[in-house]
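One structure is given below, represented as structure tokens, and several questions about it will come after.
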Amino acid sequence: ITNPDLVPGAAGQTCAQIGDLAPTFTEGSAACTAIQAAEITCCPQSLDGACTFCNEGIANPDLVHVGGQTCAQIEVLAAGNTEGSDTCTVIQEAESTCCPQTQDVACAFCNEGITNPDLVPGAAGQTCAQIGDLAPTFTEGSAACTAIQAAEITCCPQSLDGACTFCNEGIANPDLVHVGGQTCAQIEVLAAGNTEGSDTCTVIQEAESTCCPQTQDVACAFCNEGITNPDL
């Protein structure tokens, strides 16, 4: 049973409950035939000649594809159509969203990890973490993938080849404001837009003393035995 928690028809029973009920009836009986009608919802892959959809499984059945239907709903819709039909072809386009692992090459995004998951690049309103979830639903090299990868300069600047390095060991406080009014997170994004070794990169890297002092050779010592009066 592919979808054990779905409730097909109006009987009010889940697919798992129907699966438990089926063996109590005889094959070929009217009750059995009525029960088997739920296979289109509960195990669509078992129907001969049905439109195939995400044969390797759906990672997130509740993910909503363009058009407002969830992947679970699209799978049920596929089972009601014939493999090779025009409708089936349209339905299978949703595999790029529901089971991107079946595509040739999924769109790569921040392969070394997303540095700033909560940042919102551009005007789309999605965070870097949300963009990271969306990327594999598109094919590498597609226009949509290229547009998504433009956000890497914000979400994972360290993954860009030749980019100006900044705080490679991490930023302890991304919201800390450096001299000039920019936060460390903003400076990290600025670094990614410049080339390592350039004059601008050298200036940017001066902010490492504020944003990631642990990367400096010798940090400025201050009250090594503890601060006695922190509020003074």
Side-chain angles (χ1 to χ4, degrees), residues 59-60 62-66 70 96-97 100-101 105-232:
N60 183 359
D62 296 323
L63 187 64
V64 178
H65 181 60
V66 177
T70 66
S96 61
T97 298
Q101 71 275 14
V105 179
C107 179
F109 183 77
C110 290
N111 287 340
E112 297 180 17
I114 296 175
T115 312
N116 306 306
D118 297 325
L119 286 183
V120 180
Q126 292 175 306
T127 65
C128 290
Q130 290 172 324
I131 294 171
D133 291 337
L134 182 66
T137 67
F138 295 95
T139 303
E140 181 71 25
S142 67
C145 179
T146 302
I148 284 174
Q149 289 171 336
E152 288 185 319
I153 194 172
T154 300
C155 300
C156 50
Q158 78 283 1
S159 68
L160 303 179
D161 292 337
C164 176
T165 56
F166 185 78
C167 291
N168 284 343
E169 295 180 17
I171 298 173
N173 183 359
D175 297 322
L176 186 65
V177 178
H178 181 62
V179 176
Q182 290 177 307
T183 66
C184 293
Q186 291 171 326
I187 295 171
E188 183 183 31
V189 172
L190 182 64
N194 287 271
T195 306
E196 180 71 24
S198 66
D199 292 341
T200 303
C201 179
T202 301
V203 172
I204 289 171
Q205 288 171 335
E206 290 177 359
E208 289 185 322
S209 60
T210 299
C211 299
C212 49
Q214 73 275 13
T215 65
Q216 306 301 297
D217 292 336
V218 179
C220 175
F222 181 76
C223 292
N224 286 342
E225 296 181 12
I227 298 174
T228 311
N229 303 307
D231 297 323
L232 287 181

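Side-chain atoms are counted along with the backbone in the values below, which use heavy atoms only and exclude waters and symmetry mates. Predicted, not measured: the structure shown is a model, and the values here were computed from it. Throughout, numbering of the chain's residues begins at 1 and tracks the sequence.
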request  = Identify, with sequence neighbours excluded, every residue that meets side chain to side chain donor-acceptor pair (under 3.5 Å) alongside T70.
outcome  =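 Scan of T70 (side chain to side chain donor-acceptor pair (under 3.5 Å), adjacent residues dropped) gives Q73.
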How far does CG of N173 sit from SG of C212, to the nearest 0.5 angstrom?
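Rounded to the nearest 0.5 Å, the CG-SG separation comes to 12.0 Å.
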Separation of E112 CD from E152 CD (nearest 0.5 Å)
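Output value for this atom pair is 9.5 Å.
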- Task: Examine distances only and state if a side-chain atom of Q149 and a backbone atom of A108 form a donor-acceptor pair shorter than 3.5 Å.
- Result: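 Yes, Q149 side chain to A108 backbone: donor-acceptor pair under 3.5 Å.
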Euclidean distance, I171 CD1 relative to F166 CZ, rounded to 0.5 Å
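If we round to the nearest 0.5 Å, F166:CZ and I171:CD1 are 5.5 Å apart.
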*Mind checking the CG-CD1 spacing from D199 to I204? Nearest 0.5 Å is all I need.*
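Those atoms lie 11.0 Å apart.
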Has the side chain of Q205 got a donor or acceptor atom that lies under 3.5 Å from a matching backbone atom of T165?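 Here the side-chain-to-backbone pair exists.
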So, taking the atom named CD in Q130 and the one named CD1 in I114, what distance separates them when rounded to the nearest 0.5 Å?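 The CD1 atom of I114 is 10.5 Å from CD of Q130, to the nearest 0.5 Å.
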Exercise. Mind checking side chain to side chain donor-acceptor pair (under 3.5 Å) for Q182 and listing every partner two or more places apart, or none if nothing turns up?
Key: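 Not a single residue meets the side chain to side chain donor-acceptor pair (under 3.5 Å) criterion with Q182.
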Practice problem: Compare all side-chain heavy atoms of P213 with those of E208 and state whether any distance is below 4.5 angstrom. | Solution: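 No, their side chains stay 4.5 Å or more apart.
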Contacts of D118 that satisfy side-chain contact (heavy atoms from CB on, under 4.5 Å) - sequence neighbours left out: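 Testing D118 for side-chain contact (heavy atoms from CB on, under 4.5 Å), a comparison that skips the adjacent residues, returns none.
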**Message:** Looking at C110 and C128, are the sulfur gammas closer than 2.5 Å to each other?
**Reply:**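 No, no disulfide: SG-SG not under 2.5 Å.
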Qualifying residues under side chain to side chain donor-acceptor pair (under 3.5 Å), relative to T97, sequence neighbours excluded: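 Testing T97 for side chain to side chain donor-acceptor pair (under 3.5 Å), a comparison that skips the adjacent residues, returns H65.
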* Mind checking what makes side chain to side chain donor-acceptor pair (under 3.5 Å) contact with S198, not counting sequence neighbours? ->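 Result, side chain to side chain donor-acceptor pair (under 3.5 Å) vs S198: none returned.
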Determine the minimum heavy-atom distance between C107 and A135, stating which atoms define it.
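Taking C107 first and A135 second, the nearest heavy atoms are CB-O, 3.1 Å.
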inquiry  = When you measure from the SG of C167 to the SG of C211, is the result less than 2.5 Å?
reply    =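 No, C167 does not link to C211 through a disulfide.
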Worksheet entry | Sequence-distant partners of A151, side-chain contact (heavy atoms from CB on, under 4.5 Å), two or more places apart |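 With sequence neighbours excluded, A151 shows a side-chain contact (heavy atoms from CB on, under 4.5 Å) to F109, P121, I131, C155, given in chain and number order.
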